[in-house]
2 protein chains.
Amino acid sequence: MTARQMKLGAFLWATGHHIAAWRHPKAHVTAGIDIDHYIQLARTAEAAKFDMVFCEDAAGLREANVGIASQTSRSIGFEPISLLSALAVQTSRIGLVSTASTSYNEPYGLARTFLSLDQLSGGRAGWNLVTSASPIEAANFGSTGLKPHADRYERAREFAEVVAGLWRGKLDAASGHDGQSFSVRDPLDLPRSPQGAPVMVQAGASDVGRALAARTADVVFTAAQTFEEAKAFYDDLKGRMAAYGREPDDIKIMPGVAPVVAETEAEAREKYEELQELIPDDVGVALLSSYLSISDLWRHPIDGPLPELPESEGMKSRQALVIEQSRRDNLSIRQLARHFAGARGHWRIVGTASQIADELQARFEGGAADGFNVMPSYFPGELDAFATLVVPELQRRGLFRKEYGGRTLRDHLGLKRPV
Amino acid sequence: MTARQMKLGAFLWATGHHIAAWRHPKAHVTAGIDIDHYIQLARTAEAAKFDMVFCEDAAGLREANVGIASQTSRSIGFEPISLLSALAVQTSRIGLVSTASTSYNEPYGLARTFLSLDQLSGGRAGWNLVTSASPIEAANFGSTGLKPHADRYERAREFAEVVAGLWRGKLDAASGHDGQSFSVRDPLDLPRSPQGAPVMVQAGASDVGRALAARTADVVFTAAQTFEEAKAFYDDLKGRMAAYGREPDDIKIMPGVAPVVAETEAEAREKYEELQELIPDDVGVALLSSYLSISDLWRHPIDGPLPELPESEGMKSRQALVIEQSRRDNLSIRQLARHFAGARGHWRIVGTASQIADELQARFEGGAADGFNVMPSYFPGELDAFATLVVPELQRRGLFRKEYGGRTLRDHLGLKRPV
């Protein structure tokens with residue numbers, strides 16, 4: 001098969017991506033610390049020929065208010081390197097991608113850990129670089145506040161350069177690395193990766209985030225609600241590649257998608273509404289607050305509009321997305337909270353397999369995506385539904401593989417092997 | 001069975017503990033990055049009812065001279081958290097203990113990773129605290145030299161306190177930790193361990209190292225060549241416990257032992273000599289140099305005595321051990337190098353299962369050990385030999401379990417569950 005193929009990630013997240021998933025009657029509430037649950041999800045995704053499973057990470061609570069945190073679907077869960085290492089020996093083909101922070105790690109240790117995961121999985125590891133925009137996390141690592149956005153990205157740029165050098169065996173006793181934030185002398189005590197180097201994933205969407213991605217990333221995970229947003233991001237990022245001596249196809253852009261699929265559209269809508277109704281207002285507002293990096297949103301009338309917001313040092317791109325949506329659709333805080341809480345700011349599609357495949361195909365063929373990071377509402381039910389309903393439909397359309405063609409994550413993604 | 005039982009660890013180390021193991025005709029040279037090899041070792045140890053597998057760690061080459069490093073049995077290998085997480089889902093009972101440094105990690109991240117391993121293994125994880133005495137490692141983390149011994153231990157003391165607090169759920173939003181080296185605000189995003197808290201292992205043998213162990217450790221891994229050394233260490237450490245409000249039995253002392261076992265003593269001696277003859281002089285001298293924390297040992301005549309040595313900031317206890325042995329047995333540099341290279345400074349016993357069991361029993365019953373960390377010369381052969389020859393002999397004598405009595409590492413070790 002020579003036609004361009006869609007890339008698919010299965011974004012694993014404890015009980016599920018829907019913030020109220022834990023209240024769903026079919027929810028597995030302690031999924032976050034159930035290794036058998038994760039093994040089942042990884043095997044489902046592998047049987048459906050997904051390119052990879054994907055894990056987020058933050059070394060701290062996901063929400064400052066412990067009362068709120070305990071009411072979300074990801075209040076507890078495994079640290080992802082230990083989780084993916086366990087999954088590595090319970091699967092054989094699927095890629096294993098974990099998030100890790102450039103702000104609270106050192107490049108030598110991180111490069112070594114991911115290369116170790118890569119070696120023990122036979123070349124299936126990927127690292128999703130984040131600079132960590134959460135002040136909650138900062139407070140667990142001796143910081144009194146979040147470092148400015150630009151400083152975090154400057155550290156991340158050097159961090160990524162050191163890691164890439166270590167993975168490519170370009171650092172040795174003669175050269176080493178002696179830079180602004182880091183100095184590293186040795187090569188790693190591991191041989192080169194079976195895939196040349198682990199895959200580098202990024203998710204920053206600000207200008208400096210895009211520049212870093214165009215310079216170093218193999219995959220970009222992004223959030224886009226509309227086709228136009230997705231297309232604009234895609235064109236912008238692909239257009240930046242030449243400046244770094246890279247081809248547009250050297251980077252795969254995979255927006256998040258939160259599908260709710262059923263045999264009929266009515267059933268799908270019903271499933272979705274059932275979940276939405278489970279969102280407590282205070283939880284929705286708290287999540288919206290964290291996207292906006294403000295703490296006093298609850299002081300504003302919940303049925304009124306979003307107030308004017310100060311510039312923040314958090315996730316600039318996520319903040320812009322929320323503000324734009326609020327203005328476009330003239331939504332109240334409650335409506336906006338519920339909208340974003342459901343899909344955590346990602347693109348939501350509710351419908352039959354055919355309707356969902358239509359939407360994915362339109363963005364894929366319309367030049368707005370190379371694939372998608374799939375964010376099921378709750379596990380395992382909604383991953384199973386995507387695997388058994390949507391994947392076969394994509395395969396019938398010739399948009400997605402029926403068998404793995406290679407053994408490594410780079411093979412699956414169609415990425416060049418670094419020399 | 002109510003008699004006191006010996007504790008046994010299987011110290012995993014790539015090709016084997018003997019420095020020339022990689023040159024042995026039965027060696028598996030790329031064992032360090034062969035996950036199936038490690039799975040086999042862990043299952044062998046579990047079938048023999050070992051308390052735990054144990055991994056060392058250093059984020060860097062184990063030897064400054066790359067030419068020498070490439071001639072040792074542990075020049076490459078997995079990072080241990082990823083390794084043990086993979087082993088967790090391929091075993092069901094055996095403990096999983098990894099070394100990690102207090103100098104190049106942060107307590108929140110380390111506590112979280114080990115608790116995650118603990119959760120995914122059902123309460124079988126342990127952390128071996130080291131302060132990292134290698135200047136090679138320091139150079140990979142932005143340091144121009146090793147920090148003084150006392151400073152490393154002061155950081156380690158606070159580090160261990162924060163980790164223990166996080167594991168025991170004693171840190172919360174109200175209290176947090178705000179100390180000299182670290183400030184941490186949140187509790188961990190994981191529930192309490194199935195064993196109350198992961199097991200804390202230590203290996204420092206200096207005065208400040210012993211004080212830290214008496215204060216916080218559950219298990220101490222140590223190196224002692226003679227019964228008298230082992231007994232003196234044992235009595236000293238057990239005697240320190242009361243000062244911290246702890247019982248002597250709250251800490252298990254497990255010296256390393258490097259056995260070479262065969263059906264007859266002559267065969268065992270032959271096996272041992274075959275390995276010793278494979279040690280190149282330059283490698284032996286290099287290893288001895290690292291134990292002594294000096295770089296110019298090779299300038300001294302190899303058949304002459306050890307020169308007078310300056311005080312070092314490295315592993316003080318290991319250095320003292322080498323110097324003492326050199327004086328006691330009046331050994332030349334070559335003899336000393338070969339002696340230490342073979343067992344890496346640990347206690348070597350060569351003989352039949354019965355002879356080895358006699359020696360272990362004498363130290364165990366003589367109040368010099370609660371058990372042993374077994375360091376096979378090469379894998380899998382010498383672990384298999386210990387499991388099939390020595391373990392049954394210990395079981396016959398009523399010194400070692402025939403079945404696991406519990407499910408967690410604390411159960412195996414007979415340690416109290418922290419409240």
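So you know, we letter chains A, B, ... as the sequences are listed, proteins then strands, and number each from 1.
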Using the six-membered ring wherever Trp is involved, compare the ring planes of A:Trp127 and A:Phe114 and label them parallel, tilted or perpendicular (cut-offs 30° and 60°).
tilted
Interface check, chain B: of A:Ala88, A:Gly60, A:Ser82, A:Pro107, most non-hydrogen pairs under 4.5 Å belong to A:Ser82
Within the side chain of A:Arg185, is there an N or O that forms a donor-acceptor pair under 3.5 Å with the backbone of B:Ala139?
no
Cut-off 4.5 Å, heavy atoms of chain B, and the answer for A:Phe182 is neither
Take A:Arg157 and A:Glu154 through the salt bridge (charged side-chain N to carboxylate O under 4.0 Å, His left out) test and state the conclusion after the steps.
CA-CA 5 Å; A:Arg157 192 200 55 72; A:Glu154 180 46 33; 3.0 Å; yes
Per-residue tally against chain B (heavy atom, under 4.5 Å) across A:Ile81, A:Thr113, A:Leu117 peaks at A:Thr113
Comparing B:Ile35, B:Leu120, B:Asp36 against chain A, the one with the most heavy-atom pairs below 4.5 Å turns out to be B:Leu120
Looking only at B:Val89, B:Asn105, B:Leu84, most heavy-atom pairs under 4.5 Å shared with chain A are made by B:Val89
Looking at B:Pro198, is its backbone amide N or carbonyl O close enough to the side chain of B:Arg124 to form a donor-acceptor pair, meaning the two atoms are under 3.5 Å apart?
no
Quickly, which of A:Phe11, A:Phe54, A:Trp22 forms a ring-ring contact (aromatic ring centres under 6.0 Å, His included) with A:His17? Name it, please.
A:Phe11
